[in-house]
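Working notes, beginning with the structure itself.
Letters A, B, ... mirror the listed sequences (proteins, then strands); counts begin at 1. Below, all heavy atoms of this structure are taken into account, side chains as well, without hydrogens, waters or symmetry copies.
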Protein chains: 2
Amino acid sequence: MIATFTALAEPNRLRIVEFLQRGAQPVGAISERLHLRQPQVSKHLQVLKGAGLVDVRPVAQQRLYELQPAPFHDLQLWLEPYRQLWAARFDALDAVIAELKQQERKETRHGRKKK
Amino acid sequence: MIATFTALAEPNRLRIVEFLQRGAQPVGAISERLHLRQPQVSKHLQVLKGAGLVDVRPVAQQRLYELQPAPFHDLQLWLEPYRQLWAARFDALDAVIAELKQQERKETRHGRKKK
DNA sequence: TCACTATATTCCTTGCCAAGAATATTCACA
DNA sequence: TGTGAATATTCTTGGCAAGGAATATAGTGA
């Protein structure tokens with residue numbers, strides 16, 4: 001998890017990962033489209049590979065880098081316990097709304113008085 | 001997104017975030033349970049606060065730190081496009097399984113031959 | 001106002017990491 | 001086998017970020 005976060009914490013690496021959503025890409029294409037120098041791209045890709053975020057497939061003298069599902073899936077699982085953070089908040093909001101409706105009904109029944 | 005990843009990339013900060021799943025905690029409790037010195041905890045909490053991952057609520061001379069939903073929700077949204085990575089993989093696996101079953105049926109029909 | 005508790009801040013040092021520049025490696029093809 | 005294209009590696013430097021120690025600040029109660 002730390003490895004994943006560390007890898008994604010670097011701006012250019014994050015850009016590379018997002019670019020790879022389009023599918024496997026050779027180093028040159030990444031370098032060109034993201035305006036990064038080739039050596040830095042290679043280095044970032046090594047880090048991403050080290051974290052298991054990408055894998056390589058050699059094609060002629062090119063190397064095609066491709067996203068790997070596992071870390072993203074792990075991230076999803078890691079995130080699960082935190083889901084209740086905003087779920088709870090929405091529940092609370094629902095409760096408030098229910099309360100308001102209840103209040104509204106009472107006031108309507110008794111004839112609405114000041115505010 | 002970068003801010004979130006950067007904040008979570010530091011091991012002790014990640015531990016703090018995970019500890020805060022139990023609900024709001026004062027600095028002292030975090031320091032004690034995670035065996036971290038108080039100043040470092042305060043410093044990490046500032047970083048987490050800067051990234052919007054936590055918020056503070058003063059209670060007497062304590063400060064209660066609490067997780068904030070927004071960044072986690074954002075992370076969930078960011079992750080969405082990558083979901084197809086493993087979804088696609090499962091589809092592929094399904095295809096393989098279907099293929100195998102098909103094969104199995106043929107072999108059964110013709111009388112199974114070597115292997 | 002004083003003393004005590006809880007937390008924040010500052011200063012310093014050290015280690016790591018990203019970029020740049022130069023060079024090495026790998027591979028296809030003539 | 002030599003040449004050019006694509007990519008990887010090495011070395012160096014600058015900056016930033018984390019930990020430690022010391023100190024400052026806020027808030028409470030007597």
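For the atom pair CD1 (B/I2) and CG (A/L14), the distance works out to 4.5 Å, reported to the nearest 0.5 Å. The CD atom of B/Q76 lies 4.5 Å from the CD atom of A/Q76; values are rounded to the nearest 0.5 Å. Note: B/R13 CZ to B/I16 CD1 = 8.5 Å, rounded to the nearest 0.5 Å.
Taking both residues in full, the closest heavy atoms of B/M1 and B/D74 are given as CE-CB, 3.9 Å, listed atom of the first, atom of the second, then distance.
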(request) Take nucleotides 19-30 of chain C nucleotide by nucleotide from the 5' end and write B, S or -, depending on whether a protein heavy atom sits under 4.0 Å from the base, only from the sugar-phosphate, or from neither. (result) BB-B---SSS--
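What separates CD1 of B/I2 from P of D/dA17 is a distance of 13 Å, to the nearest Å. Between the C1' atom of D/dA18 and the CG atom of B/L34 lies a distance of 16 Å, rounded to the nearest Å. In this structure, A/Q62 atom CD and D/dA5 atom C1' are separated by 10 Å, rounded to whole Å. Remark: P of D/dA18 and CD of B/Q46 are 13 Å apart, rounded to the nearest angstrom. Atom CD in B/E32 sits about 10 Å away from atom P in C/dA6, given to the nearest Å.
Between the side chains of A/Q38 and A/S42, a donor-acceptor pair is found at a separation under 3.5 Å.
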What pairs of donor and acceptor atoms, side-chain ones from residues 18-28 of chain B against any protein atom, are under 3.5 angstrom apart with sequence neighbours left out?
residue : atom : partner : partner atom : Å
B/E18   : OE2  : A/W78   : NE1          : 3.0
B/Q21   : NE2  : A/Y82   : OH           : 2.8

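The side chain of B/Y65 contributes no N or O atom lying less than 4.0 Å from OP1 or OP2 of C/dA6.
Taking for each of B/P26 and A/T6 the nucleotide of DNA chain C with the nearest heavy atom, the 5'-most of the two is the partner of B/P26. Take the nearest nucleotide of DNA chain C for B/L45 and for A/V47: the residue whose nucleotide is more 5' is B/L45.
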